[in-house]
K.L.:
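Structure in structure tokens, see below.
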Amino acid sequence: MLLNELNLLCLLPGVASREEAVRDYLASAAERYADEVRVDRMGNVIASKQGENHATPVMLTAHMDEVGVMATGFTDSGCVKFDFVGEVDRRTVIGKRVFLGKAGMPGVFGMKPIHLTSREERQSYPKTGSLYIDIGAKDKAEAQSLVSRGDVGVFASEFLSFGEGCIKSRAISGRLGCAVLLELMKQPLPVDCTFVFTVQEEVGARGAFGAAFGIKPELALVISSAAADDLPDVPPEKWGCALGKGAVLPAMDGGTIYDRRLFALLRDTAEKAQIPWQLPGAQEEKTDAMAVQRSRSGARVAAIAAPVRYARTPSEVAAESDLEAVLHLAEAFLEAVGKEQEG
């Protein structure tokens, strides 16, 4: 069920600030299982469900948005100029397809033909200004009739299972957490839980700031992704986390030092339940945990992540077994928190 849910979520367009399709799906799904569902002013979906223990509710978060592009102008020849929404590896988009605007206008990322580039250009990282989106328009006027400035675009990508239990799609790094939260919501819960599907995480955890300020959590669990380093050009001794090795438990990242007691509880719970887990590599990224931890007078925050290769590209790759490990550890963590509160 987890993989089916993730498949559906990854096929929905949800570039940061334009998450409507994903939000509508999540709100509709949550209404079937939660006691109360609402959408706040930022567009976060917030669902509450009572558990057996009402002492200290747990806030669980995952982000629904993804990286993409926004149209910023047009060339005289009819191509669309753009900027990236979120941090995207520019090397990965050349020749890839994109869908622009609500109508889903198809386009292809392009740049100057290689035979017209200088040696210096061929050896340098392509700048965003040197890229464009070809939508097949004959001139600027036709392009302007098909696409408007401010339209966002989502990478074209299929959800594919391949190899030894791997999956490939765009938006896995965010939607995996949404799928986990929906699966948790379907079950009887040991503690009261507030599930928050946040917006605009890819552009600075903006949705999480507003959500946490309103909820005022004492304890929060963030479900996210971690950059997998198990790649051919990376020496094994430099691998931080790898596909197929289980859930990732960060103690620190670019924006958060996680609560030590909660980290220990996650680690001990994983060991006791024989759920595979691993530590991340050097993580400079900032997640929703940063926003939640710093809200109001602060909150105790922990995180569980799944290792993902090629994050924030048109083709992210994850392992099915790692996603299952994240779900099972989240379930076991809520049980452990419930037992602590009973004691």
Side-chain angles (χ1 to χ4, degrees), residues 6-26 42-45 62-74 79-111 126-136 143 146-160 168-179 197-208 224-225 227 285-288 308-318:
L6 181 59
N7 187 342
L8 292 171
L9 286 165
C10 285
L11 294 178
L12 295 171
V15 176
S17 80
R18 298 290 191 278
E19 301 96 346
E20 294 88 350
V22 186
R23 176 166 53 247
D24 291 347
Y25 177 87
L26 290 171
M42 284 291 295
N44 302 302
V45 175
H63 72 93
M64 69 174 82
D65 62 311
E66 62 185 295
V67 297
V69 299
M70 180 179 290
T72 59
F74 306 89
C79 290
V80 179
K81 298 301 291 182
F82 68 92
D83 203 350
F84 288 108
V85 179
E87 296 183 8
V88 177
D89 187 342
R90 300 187 296 275
R91 301 171 301 173
T92 65
V93 303
I94 308 303
K96 299 296 194 303
R97 296 183 300 138
V98 63
F99 295 111
L100 287 168
K102 291 184 178 180
M105 173 61 59
V108 176
F109 290 100
M111 64 180 298
K127 296 181 179 179
T128 305
S130 68
L131 307 177
Y132 55 81
I133 298 173
D134 187 341
I135 60 172
L146 299 171
V147 175
S148 299
R149 284 188 175 90
D151 281 350
V152 299
V154 62
F155 300 133
S157 177
E158 61 180 346
F159 191 96
L160 176 69
K168 186 278 298 183
S169 178
R170 70 165 204 271
I172 290 176
S173 56
R175 309 282 164 75
L176 71 87
C178 295
F197 304 89
T198 64
V199 298
Q200 299 190 43
E201 189 270 355
E202 296 288 3
V203 290
R206 299 175 186 180
S224 62
S225 65
E285 299 177 4
K286 299 178 177 66
T287 70
D288 278 345
V308 175
R309 293 175 184 157
Y310 325 122
R312 299 182 178 85
T313 73
S315 297
E316 301 183 341
V317 173

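The structure presented is a predicted model; accordingly, all values stated were derived computationally and were not measured.
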K.L.:
Using side-chain heavy atoms (C-beta onward) and a distance below 4.5 Å, is Phe109 in contact with Val98?
P.N.:
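Result yes, sub-4.5 Å side-chain heavy-atom pair found.
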K.L.:
Backbone N or O of Gly43 within a donor-acceptor pair of the Arg23 side chain at under 3.5 Å?
P.N.:
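Pair found, side chain donor or acceptor close to backbone of Gly43.
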K.L.:
Please tell me if the side chains of Leu176 and Ser225 come closer than 4.5 Å, counting only heavy atoms from C-beta onward.
P.N.:
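Contact flag for Leu176/Ser225 side chains = yes.
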K.L.:
Should the heavy atoms of other residues, nucleotides or ligands under 6.0 Å from CZ of Arg90 be counted, would the total exceed 12?
P.N.:
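Buried by this count: over 12 neighbours within 6.0 Å.
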K.L.:
Please find the pair of heavy atoms, one from Cys178 and one from Ala62, that lie closest to each other, and give the distance.
P.N.:
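What the structure gives for the nearest pair is N-CB, 3.5 Å.
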K.L.:
Does this structure show an ion pair linking Glu20 with Lys102, if we count only N-O contacts that are shorter than 4.0 Å?
P.N.:
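Salt bridge: no.
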K.L.:
Do Val147 and Phe74 have side chains that get closer than 4.5 Å, going by heavy atoms?
P.N.:
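Yes - at least one pair of side-chain heavy atoms lies under 4.5 Å apart.
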K.L.:
Which heavy atom in Arg91 sits nearest to a heavy atom in Pro126, and how many Å separate them?
P.N.:
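Smallest interatomic distance, heavy atoms only, reads CG-CD, 4.3 Å.
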K.L.:
Indicate the atoms forming the closest heavy-atom contact of Gly153 with Val15, along with that distance.
P.N.:
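So the minimum-distance heavy-atom pair works out to O-CG2, 3.3 Å.
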K.L.:
Between CD1 of Ile133 and NZ of Lys96, what distance do you get to the nearest 0.5 Å?
P.N.:
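If we round to the nearest 0.5 Å, Ile133:CD1 and Lys96:NZ are 14.0 Å apart.
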K.L.:
Could you tell me the separation between the SG atom of Cys10 and the NZ atom of Lys168, rounded to the nearest 0.5 Å?
P.N.:
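Result: 10.5 Å between the selected atoms.
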K.L.:
Report the distance from atom OG1 of Thr92 to atom CZ of Phe155, rounding to the nearest 0.5 Å.
P.N.:
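Interatomic distance, Thr92 OG1 to Phe155 CZ, rounded to 0.5 Å: 6.0 Å.
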K.L.:
Going by heavy atoms in the side chains, are Val199 and Met64 under 4.5 Å from each other?
P.N.:
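Yes, close enough: below the 4.5 Å cut-off.
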K.L.:
Looking at CE of Met42 and CD of Gln200, how far apart are the two atoms once the value is rounded to the nearest 0.5 Å?
P.N.:
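Rounded to the nearest 0.5 Å, the CE-CD separation comes out at 4.5 Å.
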K.L.:
Ignoring hydrogens, what is the shortest heavy-atom contact between Ala318 and Ile172? Give both atom names and the distance.
P.N.:
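Minimum heavy-atom contact is CB-CG2, 4.0 Å.
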K.L.:
Which residue is it: Glu66, Arg309, His63, Glu316? I am looking for the one with a side chain to side chain donor-acceptor pair (under 3.5 Å) to Ser173.
P.N.:
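Result: among Glu66, Arg309, His63, Glu316, Glu316 is the only option passing the side chain to side chain donor-acceptor pair (under 3.5 Å) with Ser173.
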K.L.:
State, yes or no, whether a side-chain contact exists between Arg312 and Asp89 at a heavy-atom distance under 4.5 Å.
P.N.:
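Answer no - side chains too far apart.
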K.L.:
May I ask you to test the Ser315-Tyr310 pair for a side-chain heavy-atom distance under 4.5 Å?
P.N.:
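No, every pair of side-chain atoms sits at 4.5 Å or beyond.
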K.L.:
For the residue pair Pro13 and Val154, what are the closest heavy atoms and their distance?
P.N.:
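Nearest pair, atom of Pro13 first, then Val154: CB-CG1, 4.2 Å.
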K.L.:
Give the intermediate values and the outcome of side chain to side chain contact (heavy atoms under 4.5 Å, CB included) for residues Thr128 and Phe84.
P.N.:
CA-CA 8 Å; Thr128 305; Phe84 288 108; 3.7 Å; yes
K.L.:
Can you tell me how far apart OG1 (Thr72) and CG (Asp151) are? Round to the nearest 0.5 Å.
P.N.:
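Separation between the atoms: 11.5 Å.
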K.L.:
Is there a side-chain contact between Arg175 and Val22, using heavy atoms and a 4.5 Å cut-off?
P.N.:
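Yes - at least one pair of side-chain heavy atoms lies under 4.5 Å apart.
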K.L.:
Roughly how far, to the nearest 0.5 Å, is CD of Glu201 from NZ of Lys286?
P.N.:
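With rounding to 0.5 Å, NZ (Lys286) is 11.5 Å from CD (Glu201).
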K.L.:
Where do Leu100 and Phe82 land on the side chain to side chain contact (heavy atoms under 4.5 Å, CB included) test, with the steps shown first?
P.N.:
CA-CA 11 Å; Leu100 287 168; Phe82 68 92; over 6 Å; no
K.L.:
Determine the sole option in Asp83, Val69, Ile94 for which the side-chain contact (heavy atoms from CB on, under 4.5 Å) test with Leu131 is passed.
P.N.:
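Of Asp83, Val69, Ile94, side-chain contact (heavy atoms from CB on, under 4.5 Å) with Leu131 is met by Ile94 alone.
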K.L.:
So which heavy atom on Gly104 is nearest to which on Phe99, and how close?
P.N.:
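Reported closest heavy-atom pair: O-CD2, 3.4 Å.
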K.L.:
Indicate yes or no: at least one non-hydrogen side-chain atom of Val203 is less than 4.5 angstrom from one of Ser17.
P.N.:
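Contact flag for Val203/Ser17 side chains = no.
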